[in-house]
Protein chains: 2
Amino acid sequence: MAEQAETLRRTPLSRDRVLRAAVALADEAGIESLSMRNLAQDLGVVPMALYKHVANKDELLDGMIDVIVGQIDPPASDIHWKDAIRRRVLSAREVLRRHPWAPLAIESRTMATPAVLAYLDSVVATFKAGGFSANLAHHVMHTMGSRVLGFSQELFDASRQAGRSGATTPEPPAALPPEFAARFPHLAEIAGAASHDDQSIVGEGCDDQFEFEFALDLLLDGIERLHQRGWTSPRRNG
Amino acid sequence: MAEQAETLRRTPLSRDRVLRAAVALADEAGIESLSMRNLAQDLGVVPMALYKHVANKDELLDGMIDVIVGQIDPPASDIHWKDAIRRRVLSAREVLRRHPWAPLAIESRTMATPAVLAYLDSVVATFKAGGFSANLAHHVMHTMGSRVLGFSQELFDASRQAGRSGATTPEPPAALPPEFAARFPHLAEIAGAASHDDQSIVGEGCDDQFEFEFALDLLLDGIERLHQRGWTSPRRNG
DNA sequence: ACCTGAACACCGTTCAAGT
DNA sequence: ACCTGAACACCGTTCAAGT
């Protein structure tokens, strides 16, 4: 560990090394631990040295996102658009699962990094190759939203808290306290009424992957129906 | 203005005044300007005085979210579940539109504030009243995700940038630079191919409201179809 | 010309001293 | 007992002094 750090210290700094070290730091210690100062220390370098490879912290975050989005599988060709999109999105999801801080980082950026644009462009290309009009493809991209990048913001997300700190054992959420059931009876009722691993008996967590695919397929089915119907949005004001 | 500040200074501090002042500060100056120190100054109070009404900044943010979610219309009764959900979500969207910082704040919290839970509980109640099984209601709530609160993370969101700073004129995004069209031809193609206000001739923005309702209706239609079909998720391991 | 220590202008929060 | 100024441990980034 210290030896590795020593080796790294001798390697000359580069934008790529800075970005990869930043991703590693965020993965291991959580995004809230990613400061220019901490990152510099990890690299065995004085904080100001980073500013030669990265204009400021915002650009650092953009670069980190590009590193991650670049890991998503390239599009499969010669298969039906629906399956191609599905695989691509699930590949993106796998990548993002290794970087739990990424969704929030992506959402907080104003979005324009080249790697993200290239990815989105290729997704649009898949729709177009499947015979979609530009108009429908436009609305469909909006509809997919962040789901096209393999994540969606869950409202009751226990995993995010785990992903923040070291994230050793993804311990199942504690059983619902009785006061919860009293105040929010409908939430309590549906809490356990789902497909899930039944390893834990009482406070079972949700199967995130199942929920994601459920929603993804619901969207893709709806999109397919509109496509077959030749749907087009009304043009406003001519 | 200074007079109003003077009046406020005499009013004794309360948790409610702190929260409302925080929301106002975030609305006017952007969430990045919301610091305990700035908030205290707005209230004509020493920073440490806030800590009697709010344990720390995280609790302040939770409280701000509760203030906002509390403004969403109560559920309509005696109408079809689909219309009831639709109206509720669009009401939430209207509320959030007045507080552009809220979506990101909501997503960054670990989520458990009472007002949000109460809202979600009442949404579930609407589904149940419409005849949904607990199982389907569970998956449907996951599928709606943050959209149930009236927002969804757009990947190419020009409005967020405007909402950050003072947000005077929501100026339309600049026309696509020619290099953009060359590098991302498919994105360029769909950029203008949508329903939108055609006030601007070249760089037209998207109609956020249309895109939101498009996606919402796509989801609700899919959900209705599953409901009518009596769909239930397979139970794993019995 | 390059590198970097010190400094600046901020944070959230603790703590002890003042009333 | 309450209130609050000063202080602590951080930030990102500027800038000027050192090589």
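Just so it is clear: chains get the letters A, B, ... in the order the sequence lines come, proteins before strands, and each one is counted from 1.
Whole-Å rounding puts the B/Glu32 CD to C/dC11 C1' distance at 14 Å. Atom pair B/Arg37:CZ and C/dC10:P shows a separation of 10 Å (rounding to whole Å applied). Here D/dT13 presents its C1' atom at 12 Å from CG of A/Asp58, a figure rounded to the nearest Å. If you measure from atom CE of B/Met36 to atom C1' of D/dC8, you get 17 Å, rounded to the nearest angstrom. As rounded to whole Å, 14 Å separates atom C1' of C/dC2 from atom CG of A/Leu13. Rounded to an integer number of Å, the gap from B/Tyr51 OH to C/dG12 P is 6 Å. Atom pair B/Gln41:CD and C/dG12:P shows a separation of 13 Å (rounding to whole Å applied). Spacing between atom CG of B/Leu61 and atom P of C/dT13 amounts to 10 Å, rounded to whole angstrom units.
Atom C1' of C/dT13 sits at a distance of 23 Å from the matching atom of D/dT13, rounded to the whole Å.
Atom CZ of A/Arg86 has more than 12 neighbouring heavy atoms from other residues, nucleotides or ligands inside a 6.0 Å radius.
For the pair A/Arg93 and A/Phe212, the cation-pi criterion (under 6.0 Å, within 45° of the ring axis) is fulfilled.
Closest contact between the side chain of A/Asn56 and the listed nucleotides D/dC11, C/dT13, D/dT13 involves D/dT13. In the set C/dT13, D/dC11, C/dT4, the nucleotide with an atom closest to the side chain of A/Met48 is C/dT4. Side-chain proximity of B/Val46 to D/dC11, D/dG5, C/dT4: nearest is D/dG5. Closest approach to the B/Lys57 side chain among C/dT4, C/dG12, D/dC11 is made by C/dG12 (side chain taken as heavy atoms from C-beta onward).
Between B/Arg109 and B/Glu59 no salt bridge is recorded (no basic side-chain N to carboxylate O distance below 4.0 Å).
In this model, the phosphate group of D/dC10 is not approached by any side-chain N or O of A/Asn38 to a distance below 4.0 Å at OP1 or OP2.
Residues A/His139 and B/Phe210 place their aromatic rings such that the two centres sit under 6.0 Å apart.
Across all strands shown, D/dA6 is found opposite C/dT14 as a Watson-Crick or G-U wobble partner, with both distances under 3.5 Å. Remark: D/dT19 base-pairs with C/dA1; criterion is Watson-Crick or G-U wobble with both hydrogen-bond distances under 3.5 Å.
Using a 4.5 Å heavy-atom threshold, the side chains of A/Val69 and A/Ile65 count as touching.
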